[in-house]
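None of the values given here were measured: they were computed from a predicted structure. Atoms within a ligand are numbered from 1 in the order they appear, just like the ligands themselves.
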Amino acid sequence: MERINAMITGVGGYVPDYILDNEEMSRIVDTSDEWIMERIGVKTRHILKPEQGRGTSYMMKRAVRQLLYKTQAEPDSIEAVICATTTPDFHFPSTASLIIGELKLRNAFGFDMEGACAGFLYAMEAAANYIRSGRYKRIIVCGGDHMSSMTNYQDRNTCPIFGDGAACVMMEPTTEEVGLMDGFYRVDGEGYEYLHMEAGGSRNVPSHETVDKRLHFVYQEGRPVFKHAVTKMSDAVERIAKRNNLTKDNIAWVVPHQANIRIESAVARRIGVEEDHVMINIDHMANTSGGTLPLCLWEYEPQLKKGDKLIFTAFGAGFTWGASYLIWGYDGAAEAAKSPAQFYKEGEMTREEWYKLRAKNA
Ligand code: UT7
């Protein structure tokens with residue numbers, strides 16, 4: 001019997017129209033464009049403003065609508081939706097249930113997966129194994145976060161880092177030599193003290209006191225997180241590269257979590273991959289947590305060719321981390337050309353405007 005594997009057959013994405021640049025950031029906290037660019041590499045970030053009354057499901061829903069359009073998949077053919085997010089609209093019901101309900105995916109089940117910034121890697125691995133079982137043919141994997149909803153805009157150590165956005169991929173079976181080939185995933189539980197949100201869960205329930213103490217925001221100690229991120233992502237990438245005979249000469253793309261340009265460069269250096277083979281969009285997307293990896297695919301889709309070897313890597317709160325090896329399965333340029341302007345409603349950027357902004361910030 002032929003071996004069934006799971007491949008990515010389409011990408012959709014969405015970012016909110018509001019752009020918070022470093023100049024505005026410098027008016028909010030004591031910082032500067034120079035410091036942020038040098039230490040983090042972020043120029044602008046997209047923000048889903050609170051007064052819009054929308055959550056992560058809104059961004060994912062927009063991304064999924066684009067995906068359905070591009071792949072021409074019938075909504076009734078979708079069997080599952082898995083959402084990697086740390087900022088669900090509600091504790092319950094799940095973000096997946098809101099997307100499934102609103103888009104009328106009548107034959108789908110779904111759930112949220114909380115792996116912080118590494119969540120998309122875990123969700124992709126889960127979806128791939130559902131498909132490899134032979135039981136499922138079409139699964140949508142979403143990754144995205146409404147990071148501004150838990151960013152403390154009084155804390156200059158964290159607020160320049162984060163942005164909002166979501167993207168998704170379709171996963172389907174294949175018997176060709178493409179798709180998700182290998183993965184290395186870990187959680188150590190040691191990261192809690194350096195990166196967490198203190199209140200709002202079942203241990204420290206929300207109260208006036210937790211709000212007054214500003215405990216509903218991201219708490220991060222940057223330096224130890226930075227150190228662990230470089231070490232653990234590099235280690236995961238090296239393992240995956242070694243056991244799959246991947247070298248700088250045959251890796252088409254490294255797709256790193258967009259946490260800090262210095263982290264991304266350090267990881268690429270460790271395996272000797274040149275920077276023009278590393279997907280980078282932190283300059284205009286910032287850290288969208290579960291959204292960074294699929295948003296990279298969304299933007300780089302036009303450059304992806306069938307047979308390209310990709311290594312994904314991510315690191316997040318927990319600590320959670322890992323790396324995946326995937327062989328790209330279709331001509332990205334042809335699919336990206338289908339990206340329809342009508343999905344960008346009034347006031348939102350078109351993909352062309354998007355690239356212009358990116359070139360301006362280069
Ligand atoms: O996605 C989840 C995983 N997260 C990460 O991977 C993030 C990892 N950490 C980082 O990316 C970096 O540690 C940060 C970007 C968070 C911070 O950069 P850093 O180079 O580690 O700076 P630092 O925290 O060591 O601070 C250096 C100095 C401090 O001043 P002093 O004490 O040396 O006088 C800070 O007060 O920079 C100061 N500083 C700032 N200055 C201007 C901190 N934030 C700012 C700021 N603007 N926004």
Side-chain angles (χ1 to χ4, degrees), residues 20-45 84-87 114-122 143-166 186-197 217-237 255-268 270 278 280-283 285-296 312-323:
L20 171 54
D21 61 18
N22 286 347
E23 198 191 312
E24 185 178 354
M25 188 61 81
S26 320
R27 292 196 297 268
I28 300 172
V29 287
D30 179 16
T31 188
S32 65
D33 178 56
E34 294 71 43
W35 192 94
I36 300 172
M37 281 305 284
E38 196 189 307
R39 306 307 295 166
I40 312 173
V42 177
K43 192 89 184 159
T44 58
R45 63 281 294 141
T85 185
T86 312
T87 52
E114 211 277 79
C117 299
F120 185 77
L121 285 185
Y122 301 166
D145 273 295
H146 188 187
M147 290 307 291
S148 63
S149 69
M150 57 175 185
T151 297
N152 181 356
Y153 288 98
Q154 293 179 6
D155 174 15
R156 71 172 185 172
N157 292 296
T158 53
C159 69
I161 300 173
F162 299 110
D164 301 333
R186 289 289 184 275
V187 177
D188 65 8
E190 288 170 18
Y192 170 79
E193 63 176 299
Y194 307 117
L195 185 51
H196 60 259
M197 187 168 99
F217 296 114
V218 174
Y219 171 85
Q220 176 171 258
E221 288 177 36
R223 279 189 199 179
V225 176
F226 187 102
K227 218 172 88 198
H228 282 275
V230 172
T231 317
K232 291 186 157 83
M233 284 204 283
S234 302
D235 173 66
V237 167
V255 192
H257 172 49
Q258 310 286 307
N260 186 313
I261 190 73
R262 292 181 290 137
I263 297 178
E264 290 151 36
S265 304
V267 171
R270 269 279 283 270
V278 183
I280 305 272
N281 62 15
I282 188 171
D283 55 326
M285 292 281 196
N287 182 349
T288 56
S289 189
T292 61
L293 301 181
L295 281 169
C296 278
F312 296 84
T313 185
F315 174 88
F319 295 122
T320 55
W321 74 98

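Ligand 1 places these atoms under 4.0 Å from at least one heavy atom of N260: 10 (C), 11 (O), 12 (C), 15 (C). Within ligand 1, counting atoms from 1 as listed, the ones closer than 4.0 Å to a heavy atom of A259 are 1 (O), 5 (C), 6 (O). Atoms of ligand 1 found under 4.0 Å from any heavy atom of R223, numbered from 1 in the order shown, are 13 (O), 21 (O), 23 (P), 25 (O), 27 (C). Counting atoms of ligand 1 from 1 in the listed order, those under 4.0 Å from a heavy atom of C117 are 1 (O), 2 (C). Annotation for ligand 1: atoms under 4.0 Å from non-hydrogen atoms of N157 are 16 (C), 43 (C), 44 (N). For ligand 1 and I161, the ligand atoms under 4.0 Å from any heavy atom of the residue are 16 (C). Counting atoms of ligand 1 from 1 in the listed order, those under 4.0 Å from a heavy atom of T31 are 42 (C), 46 (C), 47 (N), 48 (N). Short contacts between ligand 1 and R39, defined as distances under 4.0 Å to a heavy atom of the residue, involve ligand atoms 20 (O).
In this comparison of E264, R156, H228, the heavy atom closest to atom 48 (N) of ligand 1 sits on R156. When the heavy atoms of Q220, E34, M147 are ranked by distance to atom 7 (C) of ligand 1, first place goes to Q220.
Protein non-hydrogen atoms do not reach within 4.0 Å of atom 34 (O) of ligand 1. In this structure, atom 25 (O) of ligand 1 has protein heavy atoms in its sub-4.0 angstrom surroundings. Distance check on atom 4 (N) of ligand 1: some protein heavy atom falls below the 4.0 Å cut-off. For atom 31 (P) of ligand 1, no protein heavy-atom neighbour is present inside the 4.0 Å cut-off. Checking atom 46 (C) of ligand 1 against the protein gives a heavy-atom contact under 4.0 Å.
Looking only at heavy atoms of the protein, atom 18 (O) of ligand 1 is closest to R262 NH2, 3.7 Å. Residue, atom and distance of the protein heavy atom nearest to atom 15 (C) of ligand 1 are I40 CG1, 3.5 Å. For atom 39 (N) of ligand 1, the nearest non-hydrogen atom of the protein is W35 CZ2, 3.4 Å.
If you take SG on C159 and CD1 on I36, they are separated by 7.5 Å, rounding to the nearest 0.5 Å. In this structure, OG1 on T31 lies 7.0 Å from CD1 on I40, to the nearest 0.5 angstrom. Considering CG of N157 and OH of Y219, their distance stands at 9.5 Å, rounded to 0.5 Å. Rounding to the nearest 0.5 angstrom, the gap separating the CE atom in M37 from the CD1 atom in I261 is 8.0 Å. The CE atom of M25 sits 10.5 Å away from the OG1 atom of T44 when rounded to the nearest 0.5 Å. With values rounded to the nearest 0.5 angstrom, E24 atom CD is found 9.5 Å from S26 atom OG.
Side-chain atoms of M147 and N287, non-hydrogen and from C-beta on, never get closer than 4.5 Å to each other. The side-chain heavy atoms of L293 and Q258, taken from C-beta on, include no pair separated by under 4.5 Å.
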With salt bridge (Lys or Arg N to Asp or Glu O under 4.0 Å) as the test, would you mind laying out the steps for D283 and K43 before giving the verdict? CA-CA 5 Å; D283 55 326; K43 192 89 184 159; over 6 Å; no
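In this structure a side-chain-to-backbone donor-acceptor pair under 3.5 Å is present from Y122 to W321. Of the possible polar contacts, one joining the S149 side chain to the H146 backbone as a donor-acceptor pair under 3.5 Å is found.
Salt bridge status for K232 with D188: present, with a side-chain N to carboxylate O gap under 4.0 Å.
For the pair G222 and ligand 1, the shortest N or O to N or O distance falls below 3.5 Å.
Looking at I36 against ligand 1, nothing comes within 4.0 Å, counting heavy atoms.
Counted by atom type alone, R45 and N22 present one or more donor-acceptor pairs between their side chains at under 3.5 Å.
Contact analysis leaves E221 out of contact with ligand 1, as no non-hydrogen atom separation drops below 4.0 angstrom. In this structure, V29 has no heavy atom closer than 4.0 Å to ligand 1.
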